[in-house]
Protein chains: 2
Amino acid sequence: MTPPRSADQDLVRKVNKSLVLNTLRLHAPISRAAIAKLTGLNRSTVTHIVNALLDENLVLEQPVPSFAVGRPSIALVLNPLGGAIIGVEIGVDFVSVVAADFVAQPIWQSTQVISPLSPQADILAQAEAVIDQAICAAQDRGQHVIGIGVGLPGLVNVNLGELVYAPNLGWRSLPLEQRWSQRFQLPIYMDNEANLAALGEYYFGQAHKVENFIYLNSGIGLGGGVVIAGKLFRGGHGFAGEIGHVQRDPQGEWCGCGRRGCWETQVGPRAMLRRLQKSLADTPTDLLPPGFPADLSQLTFEMIVNAADTGDPACLAALQEVAYHLGAGIADLVNVFNPDMVIIGGLLSLARHLMLPEIEKTVREQSLAPSVSQTKITFSERGKDACIFGAVAIVLDDILREAAIS
Amino acid sequence: MTPPRSADQDLVRKVNKSLVLNTLRLHAPISRAAIAKLTGLNRSTVTHIVNALLDENLVLEQPVPSFAVGRPSIALVLNPLGGAIIGVEIGVDFVSVVAADFVAQPIWQSTQVISPLSPQADILAQAEAVIDQAICAAQDRGQHVIGIGVGLPGLVNVNLGELVYAPNLGWRSLPLEQRWSQRFQLPIYMDNEANLAALGEYYFGQAHKVENFIYLNSGIGLGGGVVIAGKLFRGGHGFAGEIGHVQRDPQGEWCGCGRRGCWETQVGPRAMLRRLQKSLADTPTDLLPPGFPADLSQLTFEMIVNAADTGDPACLAALQEVAYHLGAGIADLVNVFNPDMVIIGGLLSLARHLMLPEIEKTVREQSLAPSVSQTKITFSERGKDACIFGAVAIVLDDILREAAIS
DNA sequence: AATTAATTTGTTGCGACGATCAATTAATTG
DNA sequence: CAATTAATTGATCGTCGCAACAAATTAATT
């Protein structure tokens, strides 16, 4: 902000710029006039903005032979070299880093296995080393790095840029933004996994153009990302979306959070494993479902799905039960949020073909009348990548629109 | 819009105008420069807007002797005669109408008892007659009526202006906005009771300046109004906020919606009456708590509260139980929405002194760590009036800011 | 009584955005 | 092949909001 403008007008300008960039991202190659038509802005305005963007090198003029009826126009496209974005996901047992160009195409990627038992400092140092490599990779291609997006498995205070509590890592009060913005001299954007995955779906996935939706992320626990009016909803203090710990059965199993019958205990993959392990504990090895290891502690969710695919009744029943509870919980969410779409991601998406009918049926039956019919329920199509592309998206988001409500 | 302007710039202008009016409403009398400071707008801009408002007669110049250090300025105030607003609430057994001036002071009020058994046409005709009186009352004072806000006990499609379903009235698919905008030739704004009550709290009550809060309206059922970023949240299709039908106990009592253990069955005043009636059915009349009628079907929530106040253990225990369930449900809402405030209104607010400690304790215990401490839990201070002043607020809202997200 | 500080208002120039008219070009059509 | 149509771009002018300077006025202070 070279001349100190009012916040109001500056905001309008930024929104307009974001609008143009976003339209460009979605419809390139495109003419100035077409942008104006799509954004609703005036063409003169668009011309101004595009000229500024050309100066900033974020946009390229690309001669396209006969790209439309009319003047032999020079179409505009986003300049892939206009900037690079680093997406980072710190999981419970891995660190994944991707460098993407300005059109969100990955140009470098690396995943490192870590031990959750290692000291925090070691894990961070390892992550930083990988990020350094990613930055170098981007700079070798001549791309200026715009920012770093970080996905974290826990409660994140977005305003302070602090990881408040990550139960599965045992981390508390880690001022990551401060640390990394000093270390890398770049803007750091961070949020929890589920929020980022939701944002990823909004930008690059199924929730494209869907302004109100809920993303359910089933990993170790059950996280939720809520998008309202096209923006991540974080609540008054940034901790909204803890959908997994809604109590759904006061007589249910104990949950790590101290309550009984959290939704997470009914439908989380881990909770499901635990249940199946217990119920199969007394079964002789040779009667176990096909593909199951003798040592049940080695059981994975994938094995259950495979066994169910081959028709094993116990596994099928277990998945049906999860589907029912999932549907019932989603029905509540539909009652409360009335979203346009619910996306189920993470581990559970492995069983999409087995669970979707039951989920849909339950939701239709259990939510109040008029809202349901317009709510679409789907599974995410990108597995592990959802979060890390969300990390890329959150950086883009800052450029393409204001990110969060409140 | 005399010259066809772009939606974008028009929006900015409307927002600015709303900002000025809102500031004026909150801080009158005030100078132009002070408005500029508070709104963040430029003083010239404010001057422009204020001049327009003076032309529209919505604002008055009021000479105030030495109202501030400096030039003997002429302070600005909203013109109470600038417009009148009609607020209407159609309840299950009453129709209440208020006419308020531009600063939301009631100038005329009337409540009519109706029988929910009367045919729809009769009830509507009765309501329309009262509204006619209210409009006349306003016009007699020389006040131009700006619009009519209507609160309805059921699902409302705000976009279509239609009452979709009101279970307790037995009404379905009533295109009220169409009917009344023709009848009265005025803009009609409508929403369900809980949403309006929430809006009322935001404009005239405790939630003043609170940008994220949840209003729980306990009447016949349990409704919810969610305000996010200072705006009513209605969800993708306008039916968000059906908080009362979140399932909290799969083994619980059957609810009218067809499911078991909805929150409403645990904490709704009516559900509580039913429970207490059942448990006291075999108690001899002379052992009933003080103040209880022999015919238990005459029992009211108020009697229970009174009995509990005199120390009756059964009633106290019943209230404590409700408080516990209320707290548990609010804890879930806190996990999901992370609001700044939760306001409990309606009938339950009669028992605020008996229930608040237990509710607060339960919420603190049961919601995830960092969000709770900043969430305030209170009871509404306005009883029946919450909704009808919300109806006034929704009309003001259209003038003072854009109402709903999405 | 004089000075200082605080507050408000008028005026002017600038930049951004929007509307409109005119001009250009390619595909389509008779 | 000429006319029409669709699409784009350039140029000009008007309006609105903002910043900055100047002027006015009064409470508080010295």
Side-chain angles (χ1 to χ4, degrees), chain A residues 1-20 23-24 27-56 59 61-77, chain B residues 1-21 23-24 27-55 59 61-77:
Chain A
M1 34 180 108
T2 26
R5 274 277 160 60
S6 120
D8 209 48
Q9 205 172 32
D10 252 1
L11 187 69
V12 172
R13 208 153 313 167
K14 192 182 167 192
V15 170
N16 285 351
K17 181 174 161 184
S18 305
L19 259 175
V20 170
T23 315
L24 210 43
H27 300 93
I30 191 174
S31 70
R32 289 169 176 80
I35 295 175
K37 208 169 278 178
L38 283 167
T39 55
L41 297 174
N42 187 292
R43 194 173 42 76
S44 332
T45 313
V46 172
T47 305
H48 273 295
I49 296 171
V50 166
N51 287 342
L53 291 174
L54 282 169
D55 286 347
E56 286 182 57
V59 168
E61 292 194 316
Q62 195 185 57
V64 178
S66 158
F67 110 98
V69 182
R71 188 164 181 143
S73 330
I74 299 174
L76 300 166
V77 290
Chain B
M1 33 178 111
T2 25
R5 275 276 160 60
S6 125
D8 208 49
Q9 205 170 32
D10 254 359
L11 186 70
V12 171
R13 209 154 311 169
K14 192 183 168 193
V15 169
N16 286 352
K17 180 175 163 186
S18 305
L19 258 174
V20 170
L21 273 175
T23 314
L24 210 43
H27 299 94
I30 190 173
S31 69
R32 290 170 175 80
I35 295 176
K37 209 169 277 177
L38 283 168
T39 55
L41 296 174
N42 187 293
R43 193 174 41 77
S44 334
T45 313
V46 171
T47 305
H48 273 294
I49 296 171
V50 166
N51 287 342
L53 290 173
L54 283 169
D55 287 346
V59 168
E61 291 193 318
Q62 195 184 57
V64 177
S66 159
F67 111 95
V69 180
R71 189 167 182 144
S73 330
I74 299 173
L76 300 165
V77 290

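Letters A, B, ... mirror the listed sequences (proteins, then strands); counts begin at 1.
Arg32(A) pairs by the salt bridge (charged side-chain N to carboxylate O under 4.0 Å, His left out) definition with Glu61(A), not counting sequence neighbours. Leu38(B) meets the side-chain contact (heavy atoms from CB on, under 4.5 Å) test with Thr23(B), His27(B), Ile30(B); sequence neighbours excluded.
For the pair Ile35(B) CD1 and dG17(D) C1', the computed distance is 16 Å after rounding to whole Å. In this structure, His48(A) atom NE2 and dT9(D) atom P are separated by 15 Å, rounded to whole Å. Rounded to an integer number of Å, the gap from CZ of Arg32(B) to P of dG17(D) is 15 Å. Computed from coordinates, the Leu19(A) CG to dG18(C) P distance equals 11 Å when rounded to whole Å. For the pair Lys37(B) NZ and dT8(C) C1', the interatomic distance rounds to 9 Å; values are reported in whole Å. Atom CD1 in Ile49(B) sits roughly 17 Å away from atom C1' in dT9(C) (whole-Å rounding). Remark: C1' of dG17(D) and NZ of Lys17(B) are 17 Å apart, rounded to the nearest angstrom. Rounded to whole Å, atom C1' of dA19(C) lies 14 Å from atom CG of Leu41(A).
Among dC17(C), dA19(D), dG17(D), the nucleotide with an atom closest to any side-chain atom of Thr45(A) is dC17(C). For Asn42(B), taking side-chain heavy atoms from C-beta onward, the closest of the listed nucleotides dA19(D), dC17(C), dT8(C) is dA19(D). Checking dT9(D), dG17(D), dT9(C) against every side-chain atom of Ala33(A), the shortest atom distance belongs to dT9(D). In the set dT9(C), dG17(D), dT9(D), dT9(C) carries the atom at the smallest distance from any side-chain atom of Arg43(B). Side-chain atoms of Ser44(B) lie closest to dA19(D) of the nucleotides dG18(C), dT9(C), dA19(D).
In DNA chain D, runs of at least 3 stacked Watson-Crick or G-U pairs (N1-N3 plus N6-O4 or O6-N4, or N1-O2 plus O6-N3, all under 3.5 Å) give these stems: C:1-30 with D:1-30.
To the nearest 0.5 Å, atoms CG (Leu53(A)) and CG (Leu24(A)) are separated by 7.5 Å. Between the CG atom in Leu19(A) and the OG1 atom in Thr45(A) there is a gap of 11.5 Å [rounded to 0.5 Å]. Rounding to the nearest 0.5 angstrom, the gap separating the NE2 atom in His48(B) from the CG atom in Asn42(B) is 9.5 Å.
Residues Val59(A) and Leu54(A) come closest through the heavy atom pair O-CD2, 3.3 Å.
Sequence neighbours left out, not one pair with a member in residues 37-55 of chain A passes salt bridge (charged side-chain N to carboxylate O under 4.0 Å, His left out).
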